Enquirer: 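Mind looking over this structure? Questions follow.
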Amino acid sequence: MAGFLLITVLFYLNCGSFVVVISRPADGTTSRRATVALNTALTSTESLFSAGKPNTTEVPTAGFTTRYRKSISKPTTAPESLSEAAGKTTEREEEGPPELECPPLGLESLKVKDTQLRASSYKRRGLGPHRGRLNIQSGIEDGDIYDGAWCAQYRDKKQWLEVDARRLTRFTGVILQGRNSIWSWDIVHTYKVQFSNDTLVWKPCMNGTEEAIFEGNQDAETPVLALFNTSTVARYIRINPQSWYQNGTKGHICLRAEVLGCALSDPNSIYPWQTEPTESKDKLDFRHHNYKEMRKLMKSVQEECPDITRIYSIGKSYMGLKLYVMEISDNPGKHELGEPEFRYVAGMHGNEVLGRELLLNLMQYICQEYKRGDQRIVHLVKETRIHLLPSMNPDGYEMAFKKGSELAGWSLGRYSYEGIDMNHNFADLNSVMWIAIELETDRSKLINHYFPIPEQYTTEEAFVASETRAVISWMQNIPFVLGANLHGGELVVTYPYDMTRDWAPREHTPTADESFFRWLAVVYASTNQVMSNHDRRPCHNKDFLRYNNIINGADWHNVPGSMNDFSYLHTNCFEVTVELSCDKFPHASELPIEWENNRESLLTYMEQVHRGIKGVVRDKDTGAGIADAVIKVDDINHHIRSVADGDYWRLLNPGEYRVTATAEGYFPSSRTCQVMYDHYPTICDFRLTKMPKERLKELLMKGGKLPKDLQLRLRQLRMRKLRVTTKAINRRRAAAAAKRAKRV
């Protein structure tokens, strides 16, 4: 094509400039694409004028505040658990999160790349513009490359943080935070905003005839939202601090930010980042669901697939909200012999919401694909009993949900209503194990599995959340084999142990099943589209790419009382923690892509429950299953046990293993089991012979006649006992005679 002329159309608004760039052929004829662009721009302009007029009667000051709407739902029936307590249903209004006109650009979620952020100056690399992201977390030490904000080198009103949206964007607001640091207190009190299309000419955001000044932060962690009276279309936006915490002469200009804006369609787009997918091919309900909406969605899935689903509750939260679980199986409600039990748990921290939405998406997806006849899903459902707990901490979630995805901050809703961090709330069995190892001299008396819960932990006075107690009871009642605990705020998979042995801040602390736990972590991380992207930047203050996105939990930080460690030491279940995203509470617009990032990981990880060996331990004479039989694998100092019907599952990597089954009152039995690379377990059954004494007890209790072989065996045992007794008496007599002879 011939050369182009650039025609710039400027629409001056109260809050900056509306800039449209139109390409035109050199022959003077306007191209069709340019016409489309102009029409789009004009339409956007009209909507901006109708969005609302600035308050020209207010004098702009540092106290200038912006308005935003909150959605109020219609009166609804109270949740079932609460209405039961009241004995009747009540109507109430539920206050929802702020209704934002445009989504965040993605500073927090890293959708905005480091190269899109510039600043007037910065103190050092660790405080550069790439660190000026909402909710970014600093390292323990100030001065490293992972500090908690952008901080300007100079302290004057000429400093700015600039965001390049890379395309025309209708900017509607800014969210600001102070610096995250345990050593420094730096916040911006007020700021201005400017817009540009070329970084040369900047137009300020106006409040009537005066340049608008927006209120910033009064503390370092609470996000503060400012919505522009009139939205502005441009490519670049700058945040220009005007006042900040001085702290004498030591205060610095530091901030973390998110920008709200709607990207405009551009027919001239030629850049790959402008064509990144934003939707999923799966037709699922991609939005944030509060408690009421979550129950409604789960019910709709159960109604759509009644033959393979069941909803049940494992208990209630402190505020009375039920902890609902979706069971998916070809025979819901029943444990089938030889079929392993799997669980996903999400929402332990109420503000880490992506896991909750992924599990709701997962139950919808499995239902749809099962009905469609997808053989992978059909096989998974028929061979596995799946349990999905989308919200372990519903009270915390409701607190975060009411603030919204960008305003909940880093910790609001993390804890239970009582202020308990459930990730540290399970019984500390690690210390019980390590103390026993230190005190016991006879190694054969040590146990390595099924550690009992300390008595002081089970009392009513113990500081244990009702949600934690409910999950522990659930873990004890269902013979789970494999599980995962879904969190947010990072991109990494951690595996036990989570607690260091000597309470060190961090130290690699492996289990006896280290190699298999590493395999489980690799399975999820390597199939996750974001974790497996080697071009991604670290989320906060640790580069997990160096570890291939997996790490021993204790080698990251010490977590006593974790669910993973408790599960491994108290039950048969192996469990890892999956940190799903840098952003704990992603905007609803990002949920389709997050599902695409995690769908394959969620399915592949579930399939690992069929890796290793499985079988049934039976009585050789009666064929009945033996419960509580101990399954030992040579060279792995961690045993598991058979369940009520005698079936067991032992997760193992491919290889040859010597396996022994023991049970009280039975002779042990050993055999060699070969684990292959196939996606199904090796069958390794055991038939145990009952000890004669046990058989005798059993027969005598029944009052039956002893069989001839047992009568003969009993007679032999009595004769052997008699001979042993006689020999002992004779030895004592001989010794006494020798003693008398010596005296004589």
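Residue indices begin at 1 and follow the sequence shown. It should be emphasised that the depicted structure is a prediction, and the values quoted were computed from it without experimental measurement.
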Enquirer: Kindly give the heavy-atom pair with the smallest separation between Ile636 and Arg650, and that separation in Å.
Expert: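 Taking every non-hydrogen atom into account, CG2-NH2, 3.3 Å.
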Enquirer: Side chains of Asn598 and Tyr524: any donor to acceptor distance under 3.5 Å?
Expert: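 The answer is yes; a qualifying pair exists.
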Enquirer: Would you call the rings of Tyr568 and His638 parallel, tilted or perpendicular, taking 30° and 60° as the class edges?
Expert: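 Rings of Tyr568 and His638: parallel, under 30°.
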Enquirer: Tyr318: which residues meet the ring pair (Phe, Tyr, Trp, His ring centres under 6.0 Å) condition with it, sequence neighbours left out?
Expert: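 Residues passing ring pair (Phe, Tyr, Trp, His ring centres under 6.0 Å) with Tyr318: Tyr417.
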Enquirer: On a heavy-atom basis, which atom in Met392 and which in Leu323 lie closest, and how many Å separate them?
Expert: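 Here Met392 and Leu323 meet closest at O-CD2, 3.7 Å.
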Enquirer: Do the charged groups of Glu352 and Lys584 touch, with an N to O distance under 4.0 Å?
Expert: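 Result for this pair is yes, salt bridge flagged.
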Enquirer: Quick check: Phe517 with Phe574 (ring centres under 6.0 Å apart)?
Expert: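 Phe574 vs Phe517: aromatic centres under 6.0 Å.
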Enquirer: side-chain hydrogen bond (donor to acceptor under 3.5 Å, both in side chains) between His288 and Glu293: does it pass, once the steps are laid out?
Expert: CA-CA 9 Å; His288 290 294; Glu293 293 164 340; over 6 Å; no
Enquirer: With sequence neighbours left out, write down each residue that passes disulfide (SG to SG under 2.5 Å) with Cys573, or none if nothing qualifies.
Expert: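 Partners of Cys573 by the disulfide (SG to SG under 2.5 Å) criterion come out as none, since no residue qualifies.
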Enquirer: Between Arg414 and Asp421, is the closest basic N to carboxylate O distance under 4.0 Å?
Expert: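 Yes, charged N to carboxylate O under 4.0 Å.
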Enquirer: Could you give the distance from CD (Glu406) to CG (Asp583), rounded to the nearest 0.5 Å?
Expert: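 Glu406 atom CD to Asp583 atom CG measures 6.0 Å (nearest 0.5 Å).
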Enquirer: So which heavy atom on Tyr146 is nearest to which on Asn541, and how close?
Expert: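 Between these two residues, the closest heavy atoms are CD1-O, 3.3 Å.
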Enquirer: According to the interplanar angle, ranging from 0 to 90°, do the rings of Phe342 and Tyr344 count as parallel (below 30°), tilted (30 to 60°) or perpendicular (above 60°)?
Expert: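 Perpendicular: the ring planes of Phe342 and Tyr344 meet at over 60°.
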Enquirer: Measuring only between side-chain heavy atoms, which start at C-beta, is Asn393 closer than 4.5 Å to Asn351?
Expert: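 Counting from C-beta outward, Asn393 and Asn351 never come under 4.5 Å.
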Enquirer: Does Tyr680, at its OH atom, have more than 12 non-hydrogen atoms belonging to other residues, nucleotides or ligands within less than 6.0 Å?
Expert: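 Atom OH in Tyr680 is not packed in, count stays at 12 or less.
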Enquirer: Within a strict 4.5 Å, meaning less than it, do heavy atoms of the Ser466 and Lys316 side chains meet?
Expert: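 They are not in contact (no side-chain heavy atoms under 4.5 Å apart), so the answer is no.
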Enquirer: Which atoms form the tightest heavy-atom contact between Glu279 and Glu596, and what is the distance?
Expert: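 The answer is O-CG, 4.3 Å.
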Enquirer: Do the side chains of Glu369 and Arg376 get close enough for a salt bridge, i.e. N-O under 4.0 angstrom?
Expert: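 No.
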Enquirer: Taking the basic N atoms (NZ, or NE/NH1/NH2) and the acidic carboxylate oxygens, is any pair closer than 4.0 Å for Lys382 and Glu339?
Expert: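 Result for this pair is no, no salt bridge flagged.
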Enquirer: Could you tell me which non-hydrogen atom of Val559 sits nearest to which non-hydrogen atom of Asn423, and how far apart they are?
Expert: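 In this case the closest contact between Val559 and Asn423 is CG1-O, 3.4 Å.
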Enquirer: Indicate the atoms forming the closest heavy-atom contact of Phe426 with Ser562, along with that distance.
Expert: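 Phe426 and Ser562 have their closest heavy atoms at CB-O, 3.9 Å.
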Enquirer: For Asn552, which residues count as a side chain to side chain donor-acceptor pair (under 3.5 Å) partner, sequence neighbours excluded?
Expert: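 Per chain and number, Asn552 pairs via side chain to side chain donor-acceptor pair (under 3.5 Å) with no residue.
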Enquirer: Taking NZ, NE, NH1 and NH2 as the nitrogens, is one of them in Lys542 or Glu490 under 4.0 Å from a carboxylate oxygen of the other?
Expert: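 Looking at Glu490 together with Lys542, the answer is no, because their closest N to O distance does not fall below 4.0 Å.
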